[in-house]
Amino acid sequence: MTPESPPTVQQLLAFYLESGVDCALSDEPVNRLSDPDLMPAAREAAPAQPAVRSLPAAAATTPAPRAEPAAPEAAIRSAREAARTAPSLEALRALMETFDGCALKSTATRLVFADGNPSARIMFVGEAPGREEDLEGLPFVGRSGKLLDRMMAAIGLDRSSAYIANVIPWRPPGNRTPTPQETQICLPFIQRQIELVNPDVLVTLGNPSTQTLLSTREGIMKTRGRWFDYDTGTRKIRALATFHPAYLLRSPSYKKMAWLDLRAIAKALEQAKPQSS
Ligand code: URA
C-alpha cells in the first residue's frame with residue numbers, strides 16, 4: 001500500500017478553518033503537554049508561587065509568558081464599577097474600549113458593541129460575536145444575522161427600529177463557548193446597556209443569553225415563548241426568550257415555534273405602544 005501523501009499547508013489551513021480554528025494566539029506553537037508548568041492540573045496542585053521568581057539562565061532566553069488577566073473577581077468588580085458610572089451608551093462603549101479585564105479582548109479583532117437604534121422599543125441580545133461580526137465590529141452580520149433580519153422583518157422591524165447586542169462583546173477565539181468567568185465579567189456591561197436603552201421588550205436569543213440575563217437554569221426548550229420580568233433595578237422590562245437564529249439554521253423545524261414567539265413579541269409591542277392623545 002502506498003502511504004497517503006501528507007496534506008499541503010493549504011489543506012491543513014482549510015481543515016483548521018473548517019474546525020473553527022481561525023486565529024493564532026501567539027507566533028510560536030506551545031506544546032502544553034510537554035511543559036508541566038503549563039498543565040492546568042499541575043498548576044492547580046502546585047503551591048502558590050511568589051509573583052516574581054529568579055529564572056535559571058537558560059529560561060531567560062524563552063519568551064515571557066503572556067500577562068495573566070486580572071483575577072476574575074477583581075475583573076468582575078471593576079466591570080461593575082465601570083459600567084455603573086457610564087451615563088450614556090457612548091460613554092459605556094468608550095469605557096469598554098479601554099477595559100482590559102476580559103482576556104477575550106486580546107484575541108478579538110475589535111469590540112462588537114451594538115447595532116440598530118438606541119431609542120428602539122425592542123432590544124435583541126445574542127451570545128457573542130462570530131467571525132464576521134468580529135471583522136465588521138457589528139453584531140449579527142453573518143448567516144445567523146441575515147436570518148435575524150428576516151425574523152425581524154416578519155413583524156415589521158429592522159435595524160432602524162430595533163437595537164441588537166450580545167452578552168459577550170468580544171469574539172471568543174474559534175467561536176468557542178465563553179467561560180462562566182468571561183460571562184460574569186461581561187455581564188455588568190450588557191446589563192448597563194439594557195438599562196440605558198430601556199426598551200419596552202427585551203428578546204434573549206438562545207440558551208446562553210436567556211440563562212445569563214433571565215437568571216434561569218432551564219434550557220431553551222422550556223424557556224422559549226415564556227415571558228419573564230427583567231429587572232433593571234429601576235424598572236421591570238418584559239422579556240421573552242426565543243431560539244437563536246444559528247440554532248434555527250441548523251434545526252429549521254423549530255422555525256414554527258420561533259414564529260409563534262415573533263407574534264407574541266409583535267403583540268407585546270402593540271400593547272406597550274404609547275397612546276397618542
Ligand atoms: N451569534 C451571536 O450570538 N451574536 C452575533 O453577533 C452573531 C452570532
Side-chain angles (χ1 to χ4, degrees), residues 17-23 89 92-93 96-97 102 104-105 107-118 120 122-153 157-180 182-187 189-194 197 199 201-214 216 219-221 223-224 230 239-252 254-255 257-258 261-262 265:
L17 200 57
E18 186 74 5
S19 317
V21 182
D22 55 10
C23 67
L89 288 167
L92 183 64
R93 180 202 282 262
M96 285 165 72
E97 294 278 12
C102 182
L104 292 175
K105 185 181 176 185
T107 51
T109 310
R110 55 177 59 78
L111 173 76
V112 177
F113 184 69
D115 195 14
N117 183 348
I122 182 160
M123 175 165 178
F124 293 86
V125 183
E127 182 186 14
R131 188 161 181 272
E132 282 89 352
E133 289 78 18
D134 178 67
L135 294 173
E136 280 199 36
L138 291 170
F140 284 100
V141 290
R143 267 187 82 215
S144 60
K146 303 279 175 285
L147 178 55
L148 178 61
D149 286 340
R150 291 205 298 279
M151 289 164 71
M152 292 195 300
L157 297 171
D158 60 21
R159 292 182 189 233
S160 70
S161 51
Y163 186 83
I164 305 170
N166 283 305
V167 170
I168 308 277
W170 295 283
R171 182 202 181 196
N175 294 350
R176 68 159 169 76
T177 302
T179 65
E182 287 159 356
T183 302
Q184 287 310 307
I185 292 167
C186 295
L187 184 57
F189 296 126
I190 185 66
Q191 285 174 327
R192 184 70 179 141
Q193 213 168 347
I194 296 170
V197 175
V201 174
L202 173 70
V203 181
T204 54
L205 298 167
N207 217 16
S209 164
T210 302
Q211 292 189 336
T212 306
L213 293 176
L214 305 182
T216 173
I220 194 70
M221 288 298 165
T223 51
R224 70 133 283 273
Y230 177 87
L240 186 101
T242 191
F243 294 117
H244 193 288
Y247 181 74
L248 294 174
L249 287 172
R250 292 193 299 273
S251 314
Y254 288 105
K255 284 185 181 172
M257 288 182 184
D261 299 343
L262 286 168
I265 291 166

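Just so you know, ligand 1 is whichever comes first in the structure, and atom 1 is the first atom listed for that ligand. Side chains included, hydrogens not; waters and symmetry mates left out as well; all remaining heavy atoms used.
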Checklist outcome for this item: Contacts of Y163 meeting ring-ring contact (aromatic ring centres under 6.0 Å, His included) (sequence neighbours excluded), chain-then-number -> none
Next on the checklist: Run the side chain to side chain donor-acceptor pair (under 3.5 Å) test against S161 and tell me which residues pass, sequence neighbours left out.
Outcome noted: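 Once residues adjacent in sequence are excluded, the partners of S161 under the side chain to side chain donor-acceptor pair (under 3.5 Å) criterion are D158.
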Next on the checklist: Please output the residues near ligand 1 using a strict heavy-atom distance under 4.0 Å, listed in chain and residue-number order.
Outcome noted: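 Those residues closer than 4.0 Å to ligand 1 by some heavy atom are G126, E127, A128, P129, E133, P139, F140, S144, N166, H244.
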Item to check | Salt-bridge criterion met for D149 and R159 (N-O under 4.0 Å) | outcome: yes
Next on the checklist: Please tell me whether T210 and T204 have a donor and an acceptor in their side chains that are separated by less than 3.5 angstrom.
Outcome noted: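 Yes.
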Checklist entry - Which residues satisfy the side chain to side chain contact (heavy atoms under 4.5 Å, CB included) test with L138, sequence neighbours excluded? => result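 For L138 the side chain to side chain contact (heavy atoms under 4.5 Å, CB included) partners, ignoring immediate neighbours, are D115, E136, V141.
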Item to check | Where P252 and L249 come nearest, the two heavy atoms and their spacing | outcome: CD-O, 4.0 Å
